[in-house]
Every structure is written in structure tokens, then in C-alpha cells.
Amino acid sequence: MQPTRRLTDYDTYVFDLDGTLLSTLGDLAASTNHALRANGMPERTLDEVRRFVGNGVKKLMERAIPGGLGNPLFEKTYADFREHYLHHNLDTTRPYPGIMEMLTDLRRRGKRVAVVSNKFYAATADLCRHFFGPLVEVAIGEREGIRKKPAPDTVNEALSQLGADRATAVYIGDSDVDVMTAFNSHIPCISVLWGFRDRDFLVAHGANTFISSPEELTANGS
């Protein structure tokens, strides 16, 4: 869905995490390659990992491990990734430039803010708490009983926890998965151009509204 009002006029802003609020690629790649090395598998380049992310860490590892789910060492390698990432997800991860100022301004103006991610729940909650504190009111990650994006479940859960009206909510993300998530959630989508996917890729997957910097979400807001 295309936004029907000015970018600054929504009441609730639901954000993707990796590639949208946080630059996480370096730590994801480091944990991927740690797990691959530990199990005698070839490492992946940063560009390969960039292409593999977006559908959750299990799908990331399915794409990174030779033979995917059919590899007899898949479960061990995936477990090694999870263990390493839980202890190293802050090594190089940082908010993108302008993110903290944008979130602060949204909250100052009384906007509701949530994060929904295909990252597992503990990492999503820990990262949001560490970097954003009270600026992010609700953080929903992968867990039992809730389908990953592009299913609408995480967005629905976030709106429910916020007590927010879907009619005045907008979704912000950096990938084709995010475009599909917004569509399936029946809310407009804004695609960011500083993340893991470029404009041509996003256009090819249905994106139609773009921002090049976080401050565009708050520029000229009251």
C-alpha cells in the first residue's frame, strides 16, 4: 500500500530492525562465518551474507550452509551461529546515522514506535533495549506461535500491544520482505534506501515510497 498522508502525519511507526534502524551486517557475517568455520565449511563474503538476510536467521544459515537443510551438520551449524551471535551481536552493530535523532523526535511528538524483526526474540529485545531504551515501546522477534514476516503476525502483535489503530499506522523497512509484510498487514510501506537492498531491487518487488535519510520521517513535523 502507498502512504495516503504525509510521512510525518502517522500516529504509529512500525520499523524493521536489521538494515533499517541498525547496521547489523558485520556481526551477522562474523557469526555466520564462525559457525561455518567451526564445522569445516567455506566462509561467505559480506555481499553474500547481505543477499542471504531478510527472512530470519534460520533462512540465512540455510542459504549460507552448503546443501542447506539437507546438510547433516545443518542443526549444529545453526546452533553454533545462534550461540555466537547472542554473545557478539554488539561487536560492530550500530544505529545508522540519524536514527537516534529521528526516534527521539517521533517520541517527542507523541508518536507510537514499535520494532518487528525476523531476528530471534531474545536478540531483538536485547538490541532494542540496548540501543533505543524507551524510544522503542514494543519489540517483537521470532518466537514460537507467531509467524515470521512477511506474514502479518508480528505487526499485528505490535499494534495490539501498543493499542494502536491500524488506520493511522505505517511500516518502514529496507527489503522486499518488508514490502510484503506491510501489504499483508494492510498498512502503507515506506522503503529506506540506506539498508541491505537497493532502489531497483525494491521497485521490482513492489516498493513505491522511498526515503534516503531518517530525518525525512520527521522533517516539517509539528
Side-chain angles (χ1 to χ4, degrees), residues 1-10 12-29 32 44-60 62-64 93-99 101-103 106 111 113-119 124 127 136 139-142 147-156 158-159 166 168-219:
M1 294 175 63
Q2 188 169 3
T4 56
R5 45 172 62 89
R6 293 190 312 162
L7 302 186
T8 57
D9 286 348
Y10 291 93
T12 302
Y13 292 74
V14 181
F15 291 91
D16 170 56
L17 187 61
D18 294 45
T20 300
L21 296 180
L22 293 180
S23 175
T24 57
L25 188 61
D27 288 338
L28 287 168
T32 297
R44 296 294 192 166
T45 67
L46 198 64
D47 251 1
E48 285 178 315
V49 175
R50 183 194 305 274
R51 294 196 301 272
F52 295 161
V53 298
N55 296 90
V57 293
K58 187 169 186 177
K59 181 62 72 172
L60 161 62
E62 181 182 339
R63 291 163 174 162
T93 289
R94 298 290 183 273
Y96 286 103
I99 291 295
E101 294 82 357
M102 176 268 292
L103 291 176
L106 286 176
K111 307 299 185 179
V113 174
V115 165
V116 297
S117 175
N118 279 344
K119 190 186 296 293
T124 301
L127 287 168
V136 170
I140 308 293
E142 177 187 350
R147 294 177 297 169
K148 298 195 301 290
K149 301 183 293 183
D153 299 36
T154 52
V155 173
N156 292 342
L159 294 176
R166 186 182 308 273
T168 56
V170 66
Y171 185 97
I172 302 97
D174 73 302
S175 75
D176 53 317
V177 174
D178 295 314
V179 174
M180 295 169 62
T181 301
F183 178 82
N184 291 336
S185 303
H186 305 291
I187 61 175
C189 184
I190 299 168
S191 296
V192 309
L193 296 176
W194 58 79
F196 296 162
R197 303 289 187 266
D198 62 30
R199 186 187 186 104
D200 289 344
F201 179 92
L202 291 168
V203 168
H205 288 83
N208 52 35
T209 302
F210 302 92
I211 56 173
S212 299
S213 63
E215 53 263 35
E216 291 179 54
L217 286 177
T218 57

Working for side-chain contact (heavy atoms from CB on, under 4.5 Å), residues Met102 and Leu21 | CA-CA 10 Å; Met102 176 268 292; Leu21 296 180; 4.2 Å; yes
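- Lys149 pairs in a side-chain hydrogen bond (donor to acceptor under 3.5 Å, both in side chains) with only one of the listed residues (Thr181, Asn184, Asp178), which is Asp178.
- In this structure Ala207 satisfies the side chain to side chain contact (heavy atoms under 4.5 Å, CB included) test together with Val179, Ser191, Leu202, Phe210, sequence neighbours excluded.
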Hey, mind stepping through Leu193 and Asp198 against side-chain contact (heavy atoms from CB on, under 4.5 Å) and telling me if it holds?
-> CA-CA 6 Å; Leu193 296 176; Asp198 62 30; over 6 Å; no
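- When atom types are taken as modelled, the side chain of Arg197 and the backbone of Ser175 share no donor-acceptor pair closer than 3.5 angstrom.
- A donor-acceptor pair under 3.5 Å is formed between the side chain of Thr218 and the backbone N or O of Glu215.
- The shortest heavy-atom contact between Cys189 and Thr209 is O-CB, 3.7 Å.
- Counting all heavy atoms, side chain and backbone alike, Ala29 lies closest to Leu46 at CB-CD1, 3.7 Å.
- Evaluation of the side chain to side chain contact (heavy atoms under 4.5 Å, CB included) rule for Lys148 yields Asn118, Glu142 as partners, not counting sequence neighbours.
- The aromatic rings of Phe183 and His186 are tilted relative to each other, their planes meeting at an angle between 30° and 60°.
- Distance check, rounded to the nearest 0.5 Å: CD1 of Ile190 to CD1 of Ile211 gives 6.0 Å.
- Counting heavy atoms from C-beta on, the side chains of Ile99 and Phe15 never come closer than 4.5 Å.
- The CD1 atom of Ile172 lies 9.0 Å from the OH atom of Tyr10; values are rounded to the nearest 0.5 Å.
- Counting only distance, with no hydrogens or angles, the side chain of Trp194 and the backbone of Ser213 share no donor-acceptor pair below 3.5 Å.
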Start with the C-alpha gap between Leu25 and Phe196, add the side-chain angles, then the distance that decides, and say whether side-chain contact (heavy atoms from CB on, under 4.5 Å) holds.
-> CA-CA 8 Å; Leu25 188 61; Phe196 296 162; 3.9 Å; yes
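- Separation of atoms CZ (Arg50) and CZ (Arg44) is listed at 15.5 Å; rounding is to 0.5 Å.
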Worked verdict on Val177 versus Asn55 for side-chain contact (heavy atoms from CB on, under 4.5 Å) | CA-CA 7 Å; Val177 174; Asn55 296 90; 3.5 Å; yes
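- Side-chain contact between Ile140 and Val115 is absent, with no heavy-atom pair separated by less than 4.5 Å.
- With a 4.5 Å cut-off on side-chain heavy atoms, Thr12 and Val170 do not count as touching.
- In this structure, Asp174 CG and Thr20 OG1 are separated by 4.0 Å, a value rounded to the nearest 0.5 Å.
- Here the side chain of Arg166 pairs a donor or acceptor atom with the backbone of Ser185 at under 3.5 angstrom.
- Between Ala169 and Ile187, the closest heavy-atom pair is O-CB, 3.9 Å.
- Annotation: the span from Tyr13 atom OH to Tyr171 atom OH amounts to 15.5 Å, rounded to 0.5 Å.
- Between Lys119 and the options Asp18, Thr24, Asp16, Thr124, a side-chain hydrogen bond (donor to acceptor under 3.5 Å, both in side chains) holds for only Asp18.
- In this structure, the separation between CG on Asp27 and CZ on Arg94 is 8.0 Å, given to the nearest 0.5 Å.
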